Number of protein chains: 2
Amino acid sequence: MDAAPNISEVAALIADPSRGTMLTTLLGGQTLLASELARTAGVTPQTASAHLAKMVDGGLILSESHGRNRYFRLASPEVAHVLEALSIVAKPTKVRSLRQSKQTRALHFARTCYDHLAGEVGVALTSKMLEFEWLMSEGKNFAITDRGADGLLAIGVDMRRIPTGRRALARQCLDWSERRYHVAGLLGAAITNRFFELGWIGQKASTRAIEVTKAGAQGLSKNFDIRVDALKSQSETM
Amino acid sequence: MDAAPNISEVAALIADPSRGTMLTTLLGGQTLLASELARTAGVTPQTASAHLAKMVDGGLILSESHGRNRYFRLASPEVAHVLEALSIVAKPTKVRSLRQSKQTRALHFARTCYDHLAGEVGVALTSKMLEFEWLMSEGKNFAITDRGADGLLAIGVDMRRIPTGRRALARQCLDWSERRYHVAGLLGAAITNRFFELGWIGQKASTRAIEVTKAGAQGLSKNFDIRVDALKSQSETM
DNA sequence: ATGATACTTCGATGATAGACGAATAATATG
DNA sequence: CATATTATTCGTCTATCATCGAAGTATCAT
């Protein structure tokens, strides 16, 4: 029989700053190389290797070997959920360098949160979908209206083709930077995927930061009445 | 401007086994003394004092002094949420002693999860309310039907008197022992409170384990068609 | 084959922090 | 006031673990 779960064991895996940075990077939803994760954490490959082994062993991440490369990704949405929950409780660190400030601004502007959009763009998108009554707030989830289903279909997100499973359809995920909700769950992932397909957004390797392309700015303006440059300037004046 | 949140810092606070035990105990929703927490963690008062100071400083718990006593409780539902999320990911520890086995069985049978019922009793209650169509599953939440509101009113839980706020009304909370959902959120708390008021359940100090009284067994049988002893025997045969 | 790249293993080092004993402070009880 | 109880502070000891250099293995490129 199982006793109470040992939360400290998992927490200890996240508690190391190098591992924390790796996990936060992987929360971008990407599958990354050991060397890339070593670089983002600022440690040597040996050190990174030890960290990654521990996290694989602890069930936080999964690895896949291709030739001499080894790829890592988060093990499950549950792990992502832990990282999100910690992000809410964690107090934000103060920005030190100009370089860091740039990165920070990019993260606040738009980023992936496991597999869906977060940051100003993610929150603006969610806010507009509520305003258009595509979504309705329903407790800790969103309900999708008929109008919403139509609207989403128009940009190529077909709700009927989203597989139903254990995972929530449209969860309200609290954004740590905006302190407002954005759409997570299957719908959040589907929309984000479609935006990638359409070339509206792009992501550099080993960053959570998302860039909105010209086509994306047009698409967001036309379909969602979102002025991307207005968001950007707002974040720059902060 | 704020940079990315430092999740490792928070995780480090939970990563220590003594602190983990204290937090898990406080997840029972109780307000406990420093000495009680020292005992549950199995450390001396000095050591506990240092741990508690760190957790207060880190924003995980709040303290309140009454005379020479100092009481501690979890700082927020957000912190409870982190602990729950960690419980799901953490692998269960194996039971070693007979004493531990008893405690474990008690925890599996019924416990408080921050401020609502969990364990076999919590899951059974939720399951019955779904069966009776008092609740409807709705994504990651429950919706309360009119029939449900009536039924709850009959045992003294008045939905109209539950304050609406940021907190979800009836969240689906994944039970780490049963791996099924139980009712959390404001409704979960209201029901649990009422059960305490009715004397249906009781809790020993500094334990998360809940005992169902004779009155409770009758009440649960009459109102929810739950046979408490059937649950108990089931857990004993495991 | 030969060298280059990606990752891992091993061993040594150094820093961190958790533990307790002893002593102190604050409050309650009689 | 004296004494017991509760909690904290300080100093010391010890164990753990993150880190890296050096060396080793596996794969790719030419």
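Just so it is clear, the model here is predicted, and its values are computed rather than measured. Lettering of chains follows the sequences in order, A, B, ..., and the numbering in each one begins at 1.
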Can you tell me the distance, in whole Å, between the [atom1] atom of [X] and the [atom2] atom of [N]?
X	N	atom1	atom2	answer
Leu37(A)	dT8(C)	CG	P	11 Å
Leu32(B)	dT6(D)	CG	C1'	15 Å
Glu64(A)	dC7(C)	CD	P	14 Å
Glu36(A)	dT5(C)	CD	C1'	14 Å
Met55(A)	dA18(D)	CE	C1'	13 Å
Leu52(A)	dC7(C)	CG	P	9 Å
Asp16(B)	dA15(D)	CG	P	17 Å
Ile61(B)	dA7(D)	CD1	P	13 Å

Task: Check ion pair Lys204(A)-Glu211(A) (N to O, under 4.0 angstrom) - done: yes
If only side-chain N and O atoms of [X] are considered, is one of them under 4.0 Å from the OP1 or OP2 phosphate oxygen of [N]?
X	N	answer
Lys54(B)	dG18(C)	yes
Ser35(A)	dA6(C)	no
His51(A)	dT19(D)	yes
Thr44(B)	dC20(C)	yes
Arg68(A)	dT25(D)	no
Ser49(B)	dA7(D)	no

Open item on the list: Side chain of Thr47(A), heavy atoms from C-beta onward: which of dC20(D), dT5(C), dG21(C) has the nearest atom to it?
Closed with: dC20(D)
Open item on the list: What's the closest nucleotide to the side chain of Arg70(B) if the choices are dA19(C), dA7(D), dT8(D)?
Closed with: dT8(D)
- [ ] May I ask you to check whether Ser177(A) and Arg111(A) show a side-chain donor-acceptor distance below 3.5 Å?
- [x] yes
Open item on the list: Both Asn69(A) and Ala53(A) contact DNA chain C. Which one's nearest nucleotide lies toward the 5' end?
Closed with: Asn69(A)
TODO: Looking only at non-hydrogen atoms, find the nearest pair between Gln203(A) and Ala209(A) and report the distance.
DONE: CG-O, 3.6 Å
Open item on the list: I'd like to know if the side chain of Glu64(A) and the backbone of Tyr71(A) have a donor-acceptor N/O pair within less than 3.5 Å.
Closed with: no
TODO: Assess whether atom CD of Glu197(B) is packed by more than 12 heavy atoms of other residues, nucleotides or ligands within 6.0 Å.
DONE: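 More than 12 heavy atoms, drawn from other residues, nucleotides or ligands, come within 6.0 Å of this atom.
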